[in-house]
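Report on one structure; see the data block that follows.
Each chain gets a letter, A, B and so on, in the order the sequences are listed, and its residues count up from 1.
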Amino acid sequence: MTCWRVERRLSAYLENAVAETERQQLRTHVVSCSGCTAKVQSQRQMRSTLRSLPRLAPPSDLATRLRVDASKERHTDRTPGSRLRRWRVNAKLTLDNLMKPIALPAAGGLCSALLLFGTLVPAFTLNRTMAEDVPLCDLNPSTSAALRTLAPFGFSYGDAEVDLKIDGHGRIVNFSILGGAGHEQDALRRSIENSLLFTTFTPATAYGVPVPASIRLSFTSSRIDVKG
Amino acid sequence: MEDQDLLAALRAGQEEAYEALIERYQGPVYNLVCRLLNEPSDSADIVQEVFLKIFRNIRAFRGNSSLKTWIYRIAVNEAYNHRRWFSRHHRQEVGLTRDENTRGYEDSLPDRGRSPFDLTSDRETRALVEEALAQVNPNFRAAVVLRDIEDLSYEEIALVLELSLGTVKSRILRGREALRKILEGRLEPEPSLHWSPQPVE
Ligand SMILES: [Zn+2]
């Protein structure tokens, strides 16, 4: 048993994660080697220091902010489609006619940052003339809402389309499930909600200012399509 | 109230349950988020984001992991997302503020020839460990923080980080090792002459 070996196994040794024979060998070395004894002690010290680190106290207004959120959320009707439906009827026709959807495969649900169409009407009136030979959405004063991160797990429950309304902070304000097989089922809704929980967005901007926008996600078991 | 009863009450939309949830988890979540971030000034906002996700998804939460590990998982994910966002947007500013805020290590260097923990006060030691922790690779740090600070079991950490038990163990060991190396570089400990061997439990 060498000091080098002891050093490598030190943490495991202190965590009681080594086999009995190795443990004996380590111990025999440690008690007869002042260098390793010091290391064992300092590692112990370090762990007890970690354990004794003071609990950081949250700012005093945090609890109030959380209570306000809780109260709002408790009273929010999360039935799919309740609030977005009206918006969707108005916006869908306009948007669908204005642009064709592109679909980007999201292998295994792990890809991130798919930047797609803007959804602001003012932006569309400008971008036809301003867009050069770059993909559709850049080089105009507005940027579209974009997926920042996607849930780190695949979507495994049939197919569905979801309309999302994204606020100026990139947060999901509301969503509605548009259809797809068996969309009445609770399990599908939960599965989508779970995916959305870990999905974040970069807000759309108009002239550099974040603005609310809408985005449509198509969930399928093998890929996720995004439409602005 | 046990977490399971709390969960049932939350799903039923009881006001007291939301209050109890905030009461029980705001501190731990805040602490965890602060320890995971190098730049803790946004921690309160991140905690708010975490709780919003909890509130919005509590009815969909199936309870196949415990409420605690589910909440910690959301917190870890939010902290990671924020780190990614932050490092993209504020790299330069981070460099500046770190220079300003980092304490001079010379102030706390003990005399050579003594164990590093002999001369430094508890408070100084904690400050050193906190600073060293901030330098450990975030993946390893999360494992160490959950184990040694938050006192979660290996199994709980595996659920929170969505990793295998083996990977969790290896990350904890490597995180501690990295921490020790950083601290040793700082403190340059020499074996003390008056060491007293302690029985290894
Ligand atoms: Zn040795």
Side-chain angles (χ1 to χ4, degrees), chain A residues 7-8 10-17 23 26-27 30-31 34-47 49-59 61-63 65-67 69-76 78 148-149 152-153 171-172 189-191 193-194 196-198 200, chain B residues 13 15 18-19 21-23 26-28 30-31 34-35 40 43-44 47-49 51-53 55-57 59-60 62 74 77 81 84-85 115-117 122 125-126 129-130 133 144-145 148-149 151 162 169 172-174 176-177 179-180 183-184 187 189-193 195 197-198 200-201:
Chain A
E7 183 168 345
R8 282 189 57 224
L10 193 59
S11 200
Y13 175 60
L14 290 171
E15 188 77 34
N16 286 330
R23 184 181 162 72
L26 286 162
R27 187 176 177 170
V30 168
V31 294
S34 61
C36 288
T37 301
K39 274 182 195 143
V40 166
Q41 284 179 347
S42 85
Q43 179 89 333
R44 277 223 184 92
Q45 274 275 17
M46 186 189 81
R47 288 187 54 201
T49 305
L50 279 173
R51 240 174 266 132
S52 72
L53 286 180
R55 311 295 298 183
L56 303 162
D61 66 332
L62 181 60
R65 282 156 67 186
L66 298 182
R67 278 186 203 110
D69 287 344
S71 151
K72 277 189 209 150
E73 292 301 324
R74 231 160 38 81
H75 295 111
T76 302
R78 297 228 160 267
R148 179 130 53 92
T149 48
F153 42 81
R171 290 189 287 238
I172 301 173
R189 185 171 57 79
R190 270 192 246 116
S191 192
E193 282 175 352
N194 268 340
L196 293 180
L197 170 61
F198 291 110
T200 59
Chain B
E15 190 179 350
Y18 279 76
E19 182 62 32
L21 178 84
I22 294 168
E23 197 69 29
Q26 116 167 263
Y30 180 78
N31 204 58
C34 286
R35 298 288 179 213
S43 293
V47 172
Q48 192 174 7
E49 215 40 58
F51 273 85
L52 269 175
K53 287 205 158 85
F55 298 151
R56 287 177 182 169
N57 292 277
R59 290 191 180 93
R62 286 174 210 175
I74 295 172
N77 275 300
N81 284 341
R84 276 199 289 272
W85 177 86
S115 158
F117 291 100
D122 281 356
T125 309
R126 285 201 285 261
V129 170
E130 280 178 337
L133 192 61
V144 171
V145 166
D148 287 337
I149 299 182
D151 206 28
E162 299 179 294
K169 280 180 185 164
I172 291 170
L173 297 185
R174 291 176 69 182
R176 282 188 194 140
E177 189 59 22
L179 195 51
R180 193 174 63 80
L183 282 169
E184 274 185 2
L187 297 164
E190 295 275 328
S192 75
L193 292 173
W195 60 276
Q198 289 181 347
V200 177
E201 71 268 31

What are the two closest heavy atoms between A/M46 and B/R176, and how far apart are they?
CE-O, 3.7 Å
Please name the pair of heavy atoms, one in A/P54 and one in B/E130, separated by the smallest distance, quoted to 0.1 Å.
CD-OE2, 4.3 Å
Is it the backbone or the side chain of A/L10 that comes under 4.5 Å from a heavy atom of chain B, or both, or neither?
side chain
Roughly how far, to the nearest 0.5 Å, is CD of A/Q43 from CG of B/L183?
9.5 Å
Would you mind reporting whether B/E177 and A/R8 have side-chain heavy atoms less than 4.5 Å apart?
no
May I ask you to name which of A/R47, A/K72, A/R74 has the most heavy-atom pairs under 4.5 Å with chain B?
A/R74
How long is the straight-line distance from CG of A/L53 back to CG of B/L133, given to the nearest 0.5 Å?
7.5 Å
What one should report as the nearest heavy-atom pair of A/A70 and B/Y18 is CB-CD2, 3.7 Å
For A/L56 and B/C34, work out which heavy atoms get closest and say how close.
CD1-CB, 3.3 Å
Between the side chains of B/K53 and A/E73, is the shortest nitrogen-to-carboxylate-oxygen separation below 4.0 Å, so that they form an ion pair?
no
Toward chain A, the part of B/L179 with a non-hydrogen atom under 4.5 Å
both
Calculate, to the nearest 0.5 Å, the distance between atoms CD and CG belonging to B/Q26 and A/L62 respectively.
4.5 Å
Between the CD1 atom in B/I149 and the CG atom in A/L50, the distance rounded to the nearest 0.5 Å is 5.0 Å
In terms of heavy-atom pairs under 4.5 Å with chain A, which of B/R174, B/K169, B/E49 leads?
B/E49
Looking at every heavy atom in both A/A57 and B/Y30, which two are closest together, and how far apart are they?
O-CE2, 3.5 Å
Measure distances from B/E15 to the heavy atoms of chain A and classify the residue's part below 4.5 Å as side chain, backbone, both or neither.
both
Shortest non-hydrogen separation from A/P58 to B/G27 and the atoms involved:
CG-CA, 4.2 Å
What's the separation between atom CD1 in B/I22 and atom CG in A/L66, rounded to the nearest 0.5 Å?
5.0 Å
Is B/V145 in contact with chain A via its backbone, its side chain, both, or neither, using a 4.5 Å heavy-atom distance?
neither
Nearest 0.5 angstrom please: A/S52 OG to B/D148 CG, how far?
11.0 Å
